[in-house]
2 protein chains.
Amino acid sequence: MSTPARKPSRIQTENRQRIRDAALGLFATHGFRGTTLDQIADACGMHKPNLIYYYDSKEAIHIDLLNTLMEEWLSPLDAMNPDGEPLEEILDYIRRKMEMSRLYPRESRLFANEIVQGAPRMLPHLESTLKPLFDKQCGIIAKWMKDGKIAEMHPAHLIFSIWAVTQHYADFEAQIAVLLPGDDKRARGADQFVEMMFRKVLTP
Amino acid sequence: MSTPARKPSRIQTENRQRIRDAALGLFATHGFRGTTLDQIADACGMHKPNLIYYYDSKEAIHIDLLNTLMEEWLSPLDAMNPDGEPLEEILDYIRRKMEMSRLYPRESRLFANEIVQGAPRMLPHLESTLKPLFDKQCGIIAKWMKDGKIAEMHPAHLIFSIWAVTQHYADFEAQIAVLLPGDDKRARGADQFVEMMFRKVLTP
DNA sequence: TCGTAACTTTACCAAATGGTAAAAATCTTG
DNA sequence: CAAGATTTTTACCATTTGGTAAAGTTACGA
């Protein structure tokens with residue numbers, strides 16, 4: 001961004017990655033304002049001005065994270081195949097979302113933080129990238145319903161409920177850990193429950 | 001807290017309420033660290049030192065809000081009647097949660113912020129207050145299932161999914177507003193969908 | 001291996017922020 | 001109404017924080 005389009009060196013690629021990794025965890029749990037450059041620097045073993053050497057500002061780090069996040073986060077939705085078996089396609093999507101919740105809770109919380117706070121940095125991105133994809137997938141699901149392959153319901157609210165339930169396991173982990181202290185089987189129990197639930201809802 | 005247990009004057013009650021109201025909105029959307037005393041003071045037409053006159057610190061305001069929130073937030077869960085008609089009891093609970101999501105989105109977001117960030121100020125409260133209530137209600141639901149009144153499933157995950165879906169409408173409002181711009185029928189559509197969904201899941 | 005570009009570190013700064021001191025204003029009550 | 005208590009305002013302060021300047025160090029291609 002500051003250097004006019006020269007290809008990044010090995011060190012540059014490496015260090016930017018280190019910064020992103022440290023910042024992701026901190027932004028996810030303390031929010032943007034709740035995270036300081038010093039904390040990020042500490043977490044990745046660098047000095048504060050060094051961060052600014054790689055990113056123009058604290059906000060630039062945040063934006064970079066959100067942009068990267070958006071692509072990875074939406075790819076499972078895009079993977080839904082209109083020509084597949086409807087129920088299995090949706091259940092596969094749900095399984096992937098549960099897996100992401102388990103493997104990438106930081107990303108989930110970063111996203112949650114951004115949206116809860118009114119999406120100050122992501123609204124345009126939501127309009128331009130998420131909205132079209134969302135509408136497309138709603139269309140696919142609507143067609144499946146009209147063909148009688150799955151039960152009829154409002155496709156948008158169906159997707160909302162999938163997001164809500166799957167991301168809840170990452171975003172509200174602190175609460176769940178208190179209420180369901182049985183550490184081991186928690187993830188499996190969640191997977192089984194969620195699959196059962198949506199199978200029941202979607203079966204015509 | 002600072003004054004040793006004298007009964008609060010009219011002005012004191014009034015102004016504390018004004019402060020809480022302003023702080024609720026700000027903490028809910030910007031988080032604790034993202035909100036400044038000046039912002040709160042501005043929002044309730046007072047001066048910064050005046051806030052400190054009524055609350056010992058910024059954190060004291062936050063804690064007061066969380067404590068108040070906890071009671072109001074959990075009351076619907078406690079209202080579930082073990083001797084009522086199981087399906088209707090749970091659906092009533094869900095309806096109340098949806099209503100709260102619509103009427104008190106700030107409270108929902110304040111709570112979400114706190115939990116997403118690892119519940120730094122609420123963990124003890126969750127253990128001591130929420131956990132026992134949660135366990136009790138899980139017990140009631142488990143009994144209903146054993147009696148064949150509703151479908152069998154993991155009661156805890158059922159409650160999680162109810163929380164996830166209902167609170168999603170308040171917490172992710174910014175995203176929903178982008179994806180479902182039809183303003184008017186949104187709330188009604190959500191209510192209908194959620195009721196249909198859980199009715200289907202719970203029917204044996 | 002030498003020179004230059006890329007990178008790191010130290011020392012710093014201005015603004016923002018949580019909070020204090022104390023004077024000024026207002027309210028309450030005998 | 002007068003006196004004391006309560007509430008509000010003004011002026012400050014120490015720390016934190018995002019960011020800069022510039023000197024020092026390292027990597028790397030010719």
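Note that these values count all heavy atoms, side chains included, but never hydrogens, waters or copies made by symmetry. The chains referred to below are lettered A, B, ... by the order of the sequence lines, with proteins before strands, and numbering in each begins at 1. Please read these numbers as outputs of a predicted model, since none were measured by experiment.
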Qualifying salt bridge (Lys or Arg N to Asp or Glu O under 4.0 Å) pairs, either residue in residues 97-108 of chain B, two or more places apart: B:Asp21-B:Arg106, B:Arg102-B:Asp191

A:Asn15 side chain near C:dT8 phosphate (N/O to OP1/OP2, under 4.0 Å): yes

Side chain to side chain contact (heavy atoms under 4.5 Å, CB included) between A:Met70 and A:Leu130, worked out: CA-CA 8 Å; A:Met70 197 66 163; A:Leu130 175 57; 3.8 Å; yes

Atom-to-atom span, CG of B:Asn50 to P of D:dT8 - whole angstrom: 5 Å

Of the listed nucleotides D:dG19, D:dT8, C:dC7, the one nearest the side chain of A:Tyr53: C:dC7

Sequence neighbours excluded, every pair satisfying salt bridge (Lys or Arg N to Asp or Glu O under 4.0 Å) that has a member inside residues 35-55 of chain B: B:Asp38-B:Lys48

Listed partners of B:His62 passing ring-ring contact (aromatic ring centres under 6.0 Å, His included), at least two apart: B:Phe27, B:Phe32

Presence of A:Arg10 side-chain N/O under 4.0 Å of C:dA6 phosphate oxygens OP1/OP2: no

Distance, rounded to the nearest Å, where A:Ile52 contributes CD1 and C:dT10 contributes C1': 16 Å

Length of the CZ-P vector between B:Arg18 and D:dT7, whole Å: 13 Å

d(NE2, A:His47; C1', D:dG19) in whole Å: 16 Å

Nearest listed nucleotide, side chain of B:Pro49, among D:dT7, C:dA6, D:dA11: D:dA11

Presence of A:Gln12 side-chain N/O under 4.0 Å of C:dC7 phosphate oxygens OP1/OP2: yes

A:Leu51 CG - C:dC7 C1' separation (whole Å): 13 Å

Nearest-nucleotide pick for B:Tyr54, side chain only, options being C:dT8, D:dT8, C:dC7: D:dT8

A:Glu195/A:Arg199 ion pair, N-O < 4.0 Å: yes

Whole-Å gap separating P (C:dC27) and CD (B:Glu14): 12 Å

Please set out all donor-acceptor pairs under 3.5 angstrom arising from side-chain atoms of residues 84-92 of chain A, sequence neighbours excluded.
residue : atom : partner : partner atom : Å
A:Glu89 : OE1  : A:Asn81 : N            : 2.9
A:Asp92 : OD1  : A:Arg95 : NH1          : 2.5

Polar pair under 3.5 Å, donor/acceptor by atom type, side chain A:Lys48, base D:dG18: yes

Interface with DNA chain C, restricted to residues 29-44 of chain B and to heavy atoms under 4.0 Å: B:Thr35, B:Thr36, B:Leu37

Gap between atoms OH and C1', on B:Tyr55 and C:dG18 respectively (whole Å): 17 Å

side-chain contact (heavy atoms from CB on, under 4.5 Å) against B:Ser108, all qualifying residues, sequence neighbours excluded: B:Trp73, B:Gln167, B:Ala170, B:Asp171

